[in-house]
Amino acid sequence: MNHHDKIRGLFVDSRQRVWIADKSKRIEVYDREHRYIGNLNEAGDLVQDRQVIFGADIYCFFEDEAHRLWMGSRENGIYVAAPEAEKFRIFHFKHDKKDKRSLSSDAIYAFGKDVNGHIWIGTYGGGLNVVDGIFPDLHFIHSDNGLDLYPKDECRKVRSIYCTSTGIMLVGTTDGLLSFSAKTDEYRKIQFNLNHCETKRANSLSNNDVIYTFESKKGEIYIITHSSGLNLVTSKNLLCDNIEFVHLNKQNGLPSDMAYTMIEGNRNELWISFEDQICRYNPDRGSIESYNRFYFHSHLLVSEIPLVRDDKNGMYVALNRDVLYLHLDKLNKSSFIPHIVFTNASTGKNNKMGDSSPIVDQTLTLEKNERNVSITFAALDFAASGNLQYAYRLKNIDKEWNCIGYGHSASLVNLPAGDFVLEVKSTNGDGLWVDNMARLFIHVKPTFWETGWAWLLYVILILLIIVAVSVTLAYIFNLRRKVDFEQQITNLKLRFFTDISHELRTPLTLIASPIEEVIDHEKLSEEGRENMLIAKKNTDRMLRLINQLLDFRKIQNNKMKLYIEETDIVSLSKKIFETFTALAHQRNINFQFICSCDSYVLYTDIDKFEKIVFNLLSNAFKYTPDGKNIDFILEPQNDVFFFKVRDEGNGIELQKIDMLFKRFETLGYTDPNFSSGIGLSLVKELVDMLHGSIMVDSKLGQGSVFSVSLSRSYEVFQSDKNVEFILNDSKTMPSIETQVEQKEEFIKDITVLVVDDNEELRYFIVSILRKEYHIIEAENGKKGLEIIRLELPDLVLSDVMMPCMDGIELLEEVKKNHDTSHIPFVLLSAKSALDDRIRGLEYGADDYITKPFSSGYLRARISSLLKQREMLHDYFMKQAFRSFEQENLVASSVSLDSFSPSIPQITSFDEVFIQRVIQVVESKLQEQDFKIEDLADTMKMGRTVFYRKVKSILGVTPIDLVKDMRVKRAIQLLDSGNYNISQVAYMSGFSSPQYFSRVFKELKNCTPSEYKTKAFD
């Protein structure tokens, strides 16, 4: 049945007439044999003229018990065609804004009838309507005039209506599935249940847009949602908001997720319409058959219009412009089994596809370098070759079939050598998979490396590798064991010599001191003096060796510290040079000091530098014959300091240079006067600790040159854990930019004021303290005093010698001011005389540190002073509340007037200050309006200064102090047992019992009532 326009509605009435409505507002009627009867006009006549229009765009049909045909239009409401003889009488019902009992909307999309015979109407924009009254005097009940519980804010657009066999009404809307029971005439009481698509609930509705609802003869209910397949209801209770569903979609067998409608055949099979095909679904077996070609229809374009069945088990399918009629009993798939043949094979060499060749006798042989192949095949079904689908697999390799759709070639990549079987199967022209599997036998020739001989070679190579690795590991193990043994021997040597050295230091001291006394104060003969000098020389040498052994032990245990300070290395080197000039003159050695500059500032450990140079010069003099040359050369550069010791001694063999710095290595010298094997090893260790390097250049018989390089920069020592920095007033301190990373400072609880006129030293002190404390700075005493009065820091660190106001004057000003006298004060000074230290301490300094000083020592002293301050906090708090703890309020006659301040004692100003604060608080304890400002005024101090001073001395704020004292007074009153909770609250100075309970619980972790119960149990 062809049409000129798109079909909108399709219906088969009780007389098996077919009604077809199209977009051009025509309604055509056909008899059960599909013969054209005529077009329905506006007057209700059937006119045999296909151009006659009805005048309304009809979307749905419904036939009532009186065989009246209800027609729902898209925009013009409802038309009812009542049969009269050979024509129809047309009744029209529309939405009227003035009549609340009219239709709620003119867009009619669905009709349905409940178990009571009531007709329900689904509108697209006005929700549900139910017909009330006697035809034709009808009115409509909806959410605005009777369906009070209808969710009109959501479910305004209705697509389908269905009444189940149990009488439950299912309504498909664009906002979910509505369910309700219509077994009542009281429409206002109808309870509607709405089911949504819920992402957190897997068994909820698959989509909110419900297109169609249907129940099979077995009572299975299906819900079709837009582009989300089918939803099979599994819940027994449909009158709830959490109905459970099983989803049927493309993932579990359906040909598409875009299902439209469904209907049931005589054999209980379900017919489902999709956008481009019709599907037969057997729920019992779970089988699905798709139909998309019906003779001249190469591609179906199925409409959303519901499928319609007649009494002959025929089904009408609305297409785009046609209606397709199918005899369901005769509709079956073709059983034809097409034969599959292999046609061509394209092989690849070196990752490139070559020429194709035909396949003969179902066998394919590939050469050694042909590991990629594409095989073409075809199923011989010439009637519908375009609908053939294929699948393939490699037997015993692929577990599953590889479906390739309508393609007819299989690509096999990187095939190993061996024999394979390619299996291919296909569908017939109707898309039915049939048993037509074809096999192709493939043989891939092996390369040499894939033969048995190659595998034998692999096994031999693996065994050789295992043997080689085993031998290497055994050698490494033995070598490591020897090294460990030698290390243990070395450690035993060092431990032995260290222990002996500690024992020998005291006897050596007792030997050396008397010798010096005899040489300096006794009259000796020339021979006797010479003997005593020899004895002194050897005792000094022995003491030096013992010290070197002890240094070795410290280095080995990682206990050697570096004390880095800024020094003039040229001046220091000259002093060392001068200690050897007498020896050089005695041995007639030309000993020269060579330097291109008069001064060169370097950061280093002076003691370690002296030991390095002393050992190198001692070695040079030891191995240089009399009358030769020794040069001590300094070569300062911008960032690196070089110095060399050059001699004209015997020189060192090239192969022995690498052993030169090993411990106890004597290079073959048997005379212990020449070498103990300690000096150069110690030099190497010390140079490494100073982050430097040492090199040796020597020629046998010509002499040696020892070259040492040391970094001038300060930063190389910053990350070294064994470094302590010695601070002084030198003007060549590194700038703050190189010392302190410009990071955001974290505000610490403890504030330290640094007062020093030396900007670089001040910045350096800031850099080493800022990680632990909040630091503020001042460049002189006058500025420092202003900051102290304004900020009240927790500790002051001040230099002594400063312009404007020196450190002693600043200290005196701080200590004589009652507001600042409690602040700990540390003096820094280059004056190390005892009188200077005594003077600073007499003015009230808490500590006196002389320059130069260690940064670690400075941090330790500050930490110690702050800990002492914390102990002082605890002491003052205990003293302040001692009178509270000693009071006893057992006697009922005791009143608040009996409380009196403690007897004053001779104390420091801070203690007197706190006692005065306690006395004032005690006297004002019962006053509820007592404020901290009043307490500060009584002490004749500003509120901010008073707050900081109390916090600094006691470690608590004035507010917390008053709270604590009031709670202690409350405990005394509670312990007396003479007062209730409210009386205690007001007697302790609290504004209300509720506030008293809250504060009491904060401090004592229990309420006053709980405390009183525990106290008297």
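For reference, positions follow the sequence shown, starting with 1. If you're wondering where the values come from, they're calculated on a predicted model, not measured in any experiment.
Aromatic ring orientation, Phe641 versus Phe609: tilted (interplanar angle from 30° to 60°).
Residues Gly781 and Met802 come closest through the heavy atom pair N-CE, 3.8 Å. The two residues Asp846 and Pro824 have their closest heavy-atom pair at OD1-CA, 3.2 Å. Contact detail for Leu866 and Leu795: the closest heavy-atom pair is CD2-CD1, 4.3 Å. Closest approach of Leu753 to Gly784, counting heavy atoms only: CD2-O, 3.7 Å. For the pair Phe643 and Leu616, the tightest heavy-atom approach, listed with the atom from each and the gap, is CE1-CD1, 3.9 Å. The heavy-atom pair separating Ser798 from Leu810 by the smallest distance is OG-CD2, 3.8 Å.
Distance check: Leu865 CG to Arg861 CZ gives 5.0 Å after rounding to the nearest 0.5 Å. Note that CD of Glu812 and CG of Leu785 are 11.5 Å apart. Values are rounded to the nearest 0.5 Å. Separating the CD atom in Glu566 from the CD1 atom in Ile606 is a distance of 10.5 Å, to the nearest 0.5 Å. Here the CD1 atom belonging to Ile630 is positioned 7.5 Å from the CG atom belonging to Leu617, to the nearest 0.5 angstrom. The structure places CG of Asp799 at 6.5 Å from CG of Leu828, a figure rounded to the nearest 0.5 Å. Rounded to the nearest 0.5 angstrom, Leu690 CG and Tyr603 OH are separated by 15.0 Å.
In this structure, the ring of Phe614 has its center less than 6.0 angstrom from the ring center of Phe580.
Sorted by first and then second residue, the pairs that involve residues 690-712 and meet side chain to side chain donor-acceptor pair (under 3.5 Å), not counting sequence neighbours, are His691-Asp720, Ser693-Ser709, Ser698-Ser704, Ser711-Ser713. Counting only residues at least two apart or on different chains, no salt bridge (Lys or Arg N to Asp or Glu O under 4.0 Å) pair has a member in residues 588-603. Residue pairs meeting the salt bridge (Lys or Arg N to Asp or Glu O under 4.0 Å) criterion with at least one member in residues 567-590, sequence neighbours excluded, are Arg587-Asp626. Pairs engaging residues 643-652 under the salt bridge (Lys or Arg N to Asp or Glu O under 4.0 Å) rule: Asp631-Arg646, Glu635-Lys644 [sequence neighbours left out].
Residues satisfying the ring-ring contact (aromatic ring centres under 6.0 Å, His included) criterion with Phe591, sequence neighbours excluded, are Phe577, Phe621. Legend: residues meeting side-chain contact (heavy atoms from CB on, under 4.5 Å) with Leu700, ordered by chain and number and at least two apart, are Glu653. Residues passing the side-chain hydrogen bond (donor to acceptor under 3.5 Å, both in side chains) test with Lys608, sequence neighbours excluded: Asp605. For Asp806, the side-chain contact (heavy atoms from CB on, under 4.5 Å) partners are Ile808, Glu809, not counting sequence neighbours. Shown here are the ring-ring contact (aromatic ring centres under 6.0 Å, His included) partners of Phe825, two or more places apart in sequence or in another chain: there are none. Take Gln637 and apply the side-chain contact (heavy atoms from CB on, under 4.5 Å) test, not counting sequence neighbours, and it matches Phe642. Scanning for salt bridge (charged side-chain N to carboxylate O under 4.0 Å, His left out) contacts around Glu779 gives an empty result, with sequence neighbours left out. Annotation: side-chain contact (heavy atoms from CB on, under 4.5 Å) contacts of Leu479 (sequence neighbours excluded): Tyr475.
Counting only N and O atoms by type, the side chains of Asp757 and Asn780 include no donor and acceptor under 3.5 Å apart.
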### Pair Asp484-Arg480, salt bridge (charged side-chain N to carboxylate O under 4.0 Å, His left out): steps then yes or no
CA-CA 6 Å; Asp484 291 341; Arg480 184 174 295 172; 5.9 Å; no
### Task
Dump the intermediate steps for side chain to side chain contact (heavy atoms under 4.5 Å, CB included) on Thr567 and Val601, then the final yes or no.
CA-CA 6 Å; Thr567 187; Val601 176; over 6 Å; no
### Task
Evaluate the salt bridge (charged side-chain N to carboxylate O under 4.0 Å, His left out) criterion for residues Glu813 and Lys816: first the C-alpha distance (whole Å), next the side-chain angles of each, then the deciding distance (0.1 Å), finally the verdict.
CA-CA 6 Å; Glu813 290 293 328; Lys816 73 181 183 182; 3.2 Å; yes
### Query
What do the steps show when you test Val814 against Val796 for side chain to side chain contact (heavy atoms under 4.5 Å, CB included), and what is the final call?
CA-CA 10 Å; Val814 169; Val796 177; 5.7 Å; no
### Message
Does His774 form a side chain to side chain contact (heavy atoms under 4.5 Å, CB included) with Ile776? I'd like the steps, not just the answer.
### Response
CA-CA 7 Å; His774 172 60; Ile776 50 181; 4.0 Å; yes
### Message
Test side chain to side chain contact (heavy atoms under 4.5 Å, CB included) on Arg859 and Ile862; report intermediate values, then the result.
### Response
CA-CA 5 Å; Arg859 283 195 294 264; Ile862 292 175; 5.9 Å; no
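Taking a 6.0 Å sphere around NZ of Lys815, one finds it holds more than 12 heavy atoms contributed by other residues, nucleotides or ligands. Surrounding CD of Gln592 are more than 12 heavy atoms belonging to other residues, nucleotides or ligands, all under 6.0 Å away.
Within the 4.5 Å cutoff, no side-chain heavy atoms of Val645 are placed close to those of Val705. Side-chain contact between Ser571 and Tyr600 is absent, with no heavy-atom pair separated by less than 4.5 Å. Side-chain contact check for Glu772 versus Val752: every heavy-atom pair is 4.5 Å or farther apart. Looking at heavy atoms from C-beta onward, Lys622 lies in side-chain contact with Asn619 at the 4.5 angstrom threshold. Using a 4.5 Å heavy-atom threshold, the side chains of Val640 and Leu710 count as separate. For the pair Ile612/Val687, a side-chain contact is recorded, criterion being any heavy-atom separation below 4.5 Å from C-beta on.
The backbone N or O of Ile569 lies less than 3.5 Å from a partner atom in the side chain of Ser573, making a donor-acceptor pair.
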